[in-house]
Amino acid sequence: MTAYAMSIDVDRCLGCQACIVACATENEVADDQYRLRLVTTVAGGFPDLSTEFRMEQCFHCADAPCLDVCPTGATYKTSDGIVTVDRAKCIGCKACMAACPYGMRFMSEDGWVDKCTFCEHRVSTGRVPACVETCPTSARAFGDLDDPLSDVRLALDAAGAPLVLNPSARTRPRVLYLNTGPDTELEPPEEAF
């Protein structure tokens, strides 16, 4: 069974935000709203400073808390693990927004909850998400966790132990971080992938 995931190599990320622009353009997101966000961490003191850029988005959790709270079934998971929203079913109650431990959902200007969909419309035709295709440093990898030859599995195997944001939420996120610095707030996942 397919289990889509994405890895982000923090050491390779330049913080250029090309992924944010690609996402907004591909998915026609309103100018003042974003499915991705950049978190910048600066560590040390002058002149020994280091900066780490970490992109965040919906984590397409294997145990997504947003699924159980949606009263209409608008938030659902596809058979390949992509968590998405059916705009026609969404009543804008914001229960899924409250349930997300990562704060990665927002109200669209049209009154339904929006979030990253791993560009499901592209993935269903054999393409990668727009953010992956656009990244100038190839910091992002996408694919099936169960396929040992997929880009995401190769990236995970090459980098070693991935880290996740907020593992205590027990959501088993499918966006995994690689090669982070020593001052990161990321931690090892509670279970292996």
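Bear in mind that the values here come from a model prediction, so they are computed numbers and not experimental data. Residues: numbered from 1 along the sequence shown.
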(Q) I'd like to know if the side chain of Ser150 and the backbone of Asp144 have a donor-acceptor N/O pair within less than 3.5 Å. (A) yes
(Q) Rounded at 0.5 Å granularity, tell me how far SG in Cys116 sits from CD in Glu56. (A) 12.5 Å
Q: Kindly work out whether a path of hydrophobic side-chain contacts (I/L/V/M/F/W/Y, heavy atoms less than 4.5 Å apart) joins Val85 to Ile82.
A: no
Q.
For Phe142 together with Tyr4, are the ring centres under 6.0 Å from each other?
A. yes
Q. Are Met104 and Phe106 connected in a single hydrophobic cluster, I mean Ile/Leu/Val/Met/Phe/Trp/Tyr linked by side-chain heavy atoms less than 4.5 Å apart?
A. no
Q: Apply ring-ring contact (aromatic ring centres under 6.0 Å, His included) to Phe53 and list each qualifying residue two or more places apart in sequence or on a separate chain.
A: none
Q: Could you list all the salt bridge (charged side-chain N to carboxylate O under 4.0 Å, His left out) pairs where at least one residue sits in residues 88-98, not counting sequence neighbours?
A: none
**Q.** Flag side-chain contact, heavy atom, 4.5 Å: Pro173 against His60
**A.** no
Q: Tell me, please, which residues at least two apart from Tyr102 pass ring-ring contact (aromatic ring centres under 6.0 Å, His included).
A: Phe59
Q | Pairwise distance CD1(Ile20) to CG(Leu36) - rounded to 0.5 angstrom | A | 6.0 Å
Q) Out of curiosity, Met1 CE to Asp146 CG, how far, rounded to the nearest 0.5 Å? A) 8.0 Å
Sequence neighbours excluded and cut-off under 3.5 Å, please list the side-chain donor-acceptor pairs for residues 125-135, or say none.
{"residue": "Thr125", "atom": "OG1", "partner": "Arg122", "partner atom": "O", "Å": "2.8"}
{"residue": "Glu133", "atom": "OE1", "partner": "Arg122", "partner atom": "NH2", "Å": "3.0"}
{"residue": "Glu133", "atom": "OE2", "partner": "Arg122", "partner atom": "NH2", "Å": "3.0"}
{"residue": "Thr134", "atom": "OG1", "partner": "Ala130", "partner atom": "O", "Å": "2.8"}

Q: Sequence neighbours left out, what passes ring-ring contact (aromatic ring centres under 6.0 Å, His included) with Tyr177? Give chain and number order.
A: none
Q: Please write out which residues are connected to Val113 in a hydrophobic cluster, directly or through intermediates, given that two of Ile, Leu, Val, Met, Phe, Trp, Tyr count as joined at side-chain heavy-atom separations below 4.5 angstrom.
A: Met97, Met107
Q. Does Arg172 reach the side chain of Pro167, with side-chain heavy atoms less than 4.5 Å apart?
A. no
Q: Give, for atom CG of Leu165 and atom CG of Leu176, the distance between the pair rounded to the nearest 0.5 Å.
A: 11.5 Å
Q. More than 12 foreign heavy atoms under 6.0 Å from CG of Asp157: is that the case here?
A. yes
Q. Any sub-3.5 Å donor-acceptor pair from Arg140's side-chain atoms to Ile8's backbone N or O?
A. no
Q) Considering residues at least two apart in sequence or located in another chain, which fulfil the side chain to side chain donor-acceptor pair (under 3.5 Å) criterion with Thr2? A) none
Q: Please assess Arg170 against Asp63 for the test side chain to side chain contact (heavy atoms under 4.5 Å, CB included), listing each intermediate value before the final yes or no.
A: CA-CA 7 Å; Arg170 297 183 185 275; Asp63 296 322; over 6 Å; no
Q.
Rounded at 0.5 Å granularity, tell me how far CD1 in Ile91 sits from CH2 in Trp112.
A. 15.5 Å
Q | Interatomic distance, Leu156 atom CG to Asp9 atom CG [nearest 0.5 angstrom] | A | 10.5 Å
Q. Same hydrophobic cluster for Leu38 and Met6, using side-chain heavy-atom links shorter than 4.5 Å among ILVMFWY?
A. yes
Q. Quick one: does Leu145's side chain get under 4.5 Å of Arg153's, heavy atoms only?
A. yes
Q. Pairs in or reaching into residues 100-121: which pass salt bridge (charged side-chain N to carboxylate O under 4.0 Å, His left out), with residues at least two apart or in two chains?
A. Arg35-Asp114
Q: Compare all side-chain heavy atoms of Pro65 with those of Thr171 and state whether any distance is below 4.5 angstrom.
A: yes
Q | With sequence neighbours excluded, residues passing side chain to side chain donor-acceptor pair (under 3.5 Å) with Thr51 | A | none
**Q.** Flag side-chain contact, heavy atom, 4.5 Å: Pro71 against Cys93
**A.** yes
Q | Side chains of Tyr76 and Thr78 in contact at under 4.5 Å (non-hydrogen atoms) | A | yes
Q: Please name all residues satisfying side chain to side chain contact (heavy atoms under 4.5 Å, CB included) with Leu67, sequence neighbours left out, ordered by chain then number.
A: Ala64, Thr75, Lys77, Val83
Q. So, does Asn27 use its side chain to make a donor-acceptor pair with the main chain of Val29 at under 3.5 Å?
A. no
**Q.** Heavy-atom closest contact (Leu154 atom, Pro148 atom, distance)
**A.** CD2-O, 3.6 Å
Q: Sequence neighbours left out, what pairs pass side chain to side chain donor-acceptor pair (under 3.5 Å) with at least one residue falling in residues 159-168?
A: Asn166-Ser168
Listing, residues 10-18 side-chain donor-acceptor contacts under 3.5 Å, not counting sequence neighbours, or none:
{"residue": "Arg12", "atom": "NH1", "partner": "Ser138", "partner atom": "O", "Å": "3.1"}

